[in-house]
Each structure stands twice: as structure tokens, then as C-alpha cells.
> 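The structure that follows is given in the form of C-alpha cells.
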Amino acid sequence: LSFFTNGIDDEFIRPVTAQSPRADGAPATVVYAGNMGEGQGLHIIVPELAARLAGRVRFRLIGDGGRRTQLQLALTQKGVANVEVLPPMPRERLIEEYRAADALFLHLNAHHAFTRVLPSKIFEYAALGKPIWAGVAGHAAEFLRTEVTNGAVFSPCDADAGLRAWDGLRLETEARDGFVARFARKAIMQALAADLLRHLETRRA
């Protein structure tokens with residue numbers, strides 16, 4: 001069997017520029033963009049992380065989904081004031097949000113099925129050179145550890161582990177040129193085409 005991962009769309013392949021330094025004492029900005037459903041478990045992890053990182057981190061959560069209302073209710077019940085929940089936005093504006101962030105957040109709920117998936121969001125995040133703070137397990141965790149520099153992985157839905165991961169993250173923007181060259185969608189498509197041609201030639205022989 002041949003395996004081909006998701007790839008990086010051209011829109012995310014841009015020169016990486018250094019992040020402007022934050023003012024002394026200013027909280028770091030952490031951005032999440034995507035679905036807000038049961039699969040992501042944001043309603044479980046974000047309220048606790050945000051409450052414990054008040055004054056140090058502000059979250060900007062962009063998107064919609066079946067658990068968005070529950071997420072907002074959990075934030076209200078915890079009295080959290082350092083989380084903004086924003087509606088979906090066009091890709092160009094979204095990329096600007098990514099570029100303005102100090103770190104990008106990713107989380108999958110603690111369900112066994114999610115140990116076998118590789119979220120496409122990883123490829124967008126990594127291409128932009130931002131630190132990645134990810135609550136994932138299984139294949140996604142292993143992929144981040146082995147393929148993506150300056151990432152901090154923690155067990156899903158574990159706020160204590162999430163805090164330890166945050167404290168170990170370097171809030172520096174850095175180019176991941178090797179990752180981009182390997183996982184650009186064009187490169188993935190070329191590898192897929194070459195594999196198909198190889199199989200065709202084998203059958204003809």
C-alpha cells in the first residue's frame with residue numbers, strides 16, 4: 001500500500017517573517033481556527049486552560065460547530081475573560097490572524113478514534129512557521145514530534161499537561177522550509193502521480 005498525507009495549499013506557502021515583539025507584560029495571543037464540535041473538544045479544554053493562564057494568554061477561537069454554544073456557556077460559567085469566540089472568516093483574513101498570533105492551538109477530543117487521524121490543520125499551521133500547541137494523541141502526536149519543529153504536544157483534555165506544554169513552547173516564529181518542501185500539495189500530487197504511473201507500468205510488464 002502507498003500512503004499520501006494531506007498537503008499544504010499554496011495560500012499558506014509564504015515567506016515567514018519574524019513576529020514583532022510583544023510589549024512587556026502583554027499576554028501572548030493564541031489562535032485556533034476550525035470546527036468547534038465534539039471532535040475538537042474545545043468546550044472541555046479551553047475554559048480550564050484560559051482560566052489558569054489569565055493574564056498570560058489570550059485566546060482567539062475562530063469558527064463554528066455543534067459545541068460552540070456549550071463552549072461559550074463553559075467560558076461564562078468559569079468567568080473567563082481572555083477568550084474571544086469569533087465567526088468563520090475568509091481564508092485571506094484567517095491567514096492574517098495566523099500571522100499575527102504568537103502561537104497556534106490544535107486539539108482533538110480524547111476519543112480512541114482520533115489516535116488514528118492526522119488533522120489537515122497541522123499542515124496549515126506548520127507552513128506559517130508559528131509555534132504549535134497541540135492536544136493530540138496517537139499518530140498526530142507522533143507526526144508533530146518527528147516532523148514539526150517548535151511544537152508542544154500534550155494529552156487531549158488534560159489541562160495540567162497542557163500547561164506544562166505551554167511552558168515548554170518557544171514563542172518564536174521560524175521557517176520550516178524542509179517541511180514545506182516535503183508536504184506542499186504540489187509535491188504530494190506529484191508523488192501520487194508517480195506512484196500511479198509506477199503501478200501502471202508494473203501491470204503492463
> Are the side chains of His43 and Glu38 in contact, using a 4.5 Å heavy-atom criterion?
yes

> Between Asp102 (side chain only) and Val30 (backbone N and O only), is there a donor and an acceptor less than 3.5 Å apart?
no

> Apply the test salt bridge (charged side-chain N to carboxylate O under 4.0 Å, His left out) to residues Arg198 and Glu201: give CA-CA distance (whole Å), side-chain angles for both, the deciding distance (0.1 Å), then the verdict.
CA-CA 5 Å; Arg198 179 175 60 82; Glu201 290 298 324; over 6 Å; no

> Quick one: do Arg67 and Leu42 satisfy side-chain contact (heavy atoms from CB on, under 4.5 Å)? Show the steps, please.
CA-CA 8 Å; Arg67 295 291 187 178; Leu42 300 181; over 6 Å; no

> Measure the spacing between CD of Glu96 and CE of Met89 and express it to the nearest 0.5 Å.
11.0 Å

> Determine whether Asn35 and Lys121 make a side-chain contact, defined as any pair of heavy atoms from C-beta on separated by less than 4.5 Å.
no

> Does the side chain of Leu49 come within less than 4.5 Å of Phe59's, by heavy atoms?
yes

> What is the minimum heavy-atom distance between Ala159 and Arg52, and which atoms define it?
CB-NH1, 3.8 Å

> Kindly say whether Lys130 contributes a backbone atom to a donor-acceptor pair with the side chain of Arg176 at under 3.5 angstrom?
yes

> Going from CG on Leu197 to NE2 on His199, what distance comes out if it is rounded to the nearest 0.5 angstrom?
10.5 Å

> May I ask you to decide if Ala152's main-chain N or O and Trp166's side chain share a donor-acceptor pair within less than 3.5 Å?
no

> Do Asn82 and Pro27 make a side-chain contact, defined as non-hydrogen atoms from C-beta onward lying under 4.5 Å apart?
no

> Is the side chain of Arg116 donor-acceptor paired with the backbone N or O of Gly138 at a distance under 3.5 Å, no angle test?
no

> Measure from the side-chain N and O atoms of His107 to the backbone N and O of Cys157, and report whether any donor-acceptor pair falls under 3.5 Å.
yes

> Can you get from Leu73 to Val80 by hopping between Ile, Leu, Val, Met, Phe, Trp and Tyr side chains that sit under 4.5 Å apart?
no

> Could you walk me through whether Arg56 and Asp167 pass side-chain contact (heavy atoms from CB on, under 4.5 Å), step by step?
CA-CA 11 Å; Arg56 295 176 57 195; Asp167 287 336; 2.7 Å; yes

> Looking only at side-chain N and O atoms, does Asn150 offer a donor or acceptor that is under 3.5 Å from a partner on Glu172?
no

> Hey, what do you get for CD1 (Ile122) to CD1 (Ile132), rounding to the nearest 0.5 Å?
7.0 Å

> Give the cluster check for Val85 versus Ile44: same hydrophobic cluster or not, with ILVMFWY residues linked at side-chain heavy-atom distances below 4.5 Å.
no

> Indicate the atoms forming the closest heavy-atom contact of Gly41 with Asn109, along with that distance.
CA-ND2, 3.9 Å

> On a heavy-atom basis, which atom in Val31 and which in Glu97 lie closest, and how many Å separate them?
CG2-O, 3.9 Å

> Tell me whether the rings of Tyr32 and Phe105 are parallel (<30°), tilted (30 to 60°) or perpendicular (>60°).
perpendicular

> Measure across Ile62 and Pro87 and return the closest heavy-atom pair with its distance rounded to 0.1 Å.
CG2-O, 3.4 Å

> Any idea which heavy atoms bring His139 and Val117 closest together, and the distance?
CB-O, 4.2 Å

> Are Leu71 and Val83 packed together at the side-chain level, in the sense that at least one heavy-atom pair is separated by less than 4.5 angstrom?
no

> Test your reading of the model: is there a side-chain donor-acceptor pair from Gln40 to the backbone of Gly37, 3.5 Å cut-off?
yes

> Let me confirm one number: the CG-CD distance from Asp160 to Glu48, rounded to the nearest 0.5 Å.
8.0 Å

> Is it possible for you to say whether Phe114 and Val153 belong to one hydrophobic cluster, with membership spreading through side-chain heavy-atom contacts below 4.5 Å?
yes

> Quick one: closest heavy-atom pair of Met36 and Leu86, and the distance?
CE-O, 4.4 Å

> Determine the interplanar angle of the Trp133 and Phe154 rings, folded into 0 to 90°, and report it as parallel if under 30°, tilted if 30 to 60°, perpendicular if over 60°.
tilted

